[in-house]
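These notes are about the structure you will find just below.
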Amino acid sequence: MSIARILKRVAIVFVHLVIWVVVGFYLLIEPSHPVQFLLLLTFGWIPFMRDSFAIMEVNPLLFAEMVACIAVLGVSTHGFMRWL
């Protein structure tokens with residue numbers, strides 16, 4: 001068995017273990033609402049993003065820096081990929 005296969009299986013086991021630990025802890029704390037847990041896990045980011053965007057302020061200088069960094073990253077990645 002190759003190292004890549006072993007690492008892939010270890011990663012899969014680790015992810016499953018983390019998922020089951022999170023589900024188990026939630027069910028220990030709130031055992032009467034497993035469906036609510038799954039809904040919050042799936043769609044809970046939507047209210048968070050709505051509330052976060054409502055109070056967010058955009059700094060023009062930081063926005064310009066972000067655009068410049070993305071442009072440099074894109075140009076340098078393109079150059080590197082052409083080199084390959």
Side-chain angles (χ1 to χ4, degrees):
M1 190 179 289
S2 70
I3 257 313
R5 267 187 144 172
I6 293 171
L7 289 176
K8 183 178 179 181
R9 289 186 180 187
V10 167
I12 289 171
V13 168
F14 179 74
V15 167
H16 281 105
L17 180 65
V18 168
I19 289 171
W20 283 111
V21 166
V22 168
V23 169
F25 275 130
Y26 181 79
L27 292 177
L28 283 174
I29 294 169
E30 197 70 42
S32 61
H33 303 290
V35 174
Q36 181 184 7
F37 169 72
L38 293 174
L39 287 173
L40 283 174
L41 192 62
T42 306
F43 301 108
W45 58 273
I46 294 172
F48 170 77
M49 294 300 283
R50 182 192 64 224
D51 298 340
S52 296
F53 283 141
I55 60 171
M56 191 180 299
E57 296 179 14
V58 178
N59 184 340
L61 186 61
L62 291 179
F63 185 79
E65 183 180 357
M66 176 199 66
V67 170
C69 288
I70 290 173
V72 168
L73 181 67
V75 169
S76 61
T77 303
H78 179 71
F80 178 73
M81 291 300 176
R82 281 184 45 195
W83 174 75
L84 287 178

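Values below: all heavy atoms of this structure, side chains included; hydrogens, waters and symmetry mates excluded.
Shown here are the side-chain contact (heavy atoms from CB on, under 4.5 Å) partners of Ser76, two or more places apart in sequence or in another chain: there are none. The side-chain contact (heavy atoms from CB on, under 4.5 Å) check on Thr77 picks up Leu73, Met81, with sequence neighbours excluded. The side-chain contact (heavy atoms from CB on, under 4.5 Å) check on Asn59 picks up Leu61, Leu62, with sequence neighbours excluded.
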Under 3.5 Å, side-chain donor or acceptor atoms of residues 8-22 against the rest of the protein: list the pairs with distances, not counting sequence neighbours.
{"unit_1": "His16", "atom_1": "ND1", "unit_2": "Ile12", "atom_2": "O", "d": "2.8"}

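Residue pairs that meet the ring-ring contact (aromatic ring centres under 6.0 Å, His included) test with at least one member in residues 43-84, sequence neighbours left out, are Phe80-Trp83.
Hydrophobic cluster membership differs between Met49 and Ile55, with clusters built from Ile, Leu, Val, Met, Phe, Trp and Tyr side chains linked at under 4.5 angstrom.
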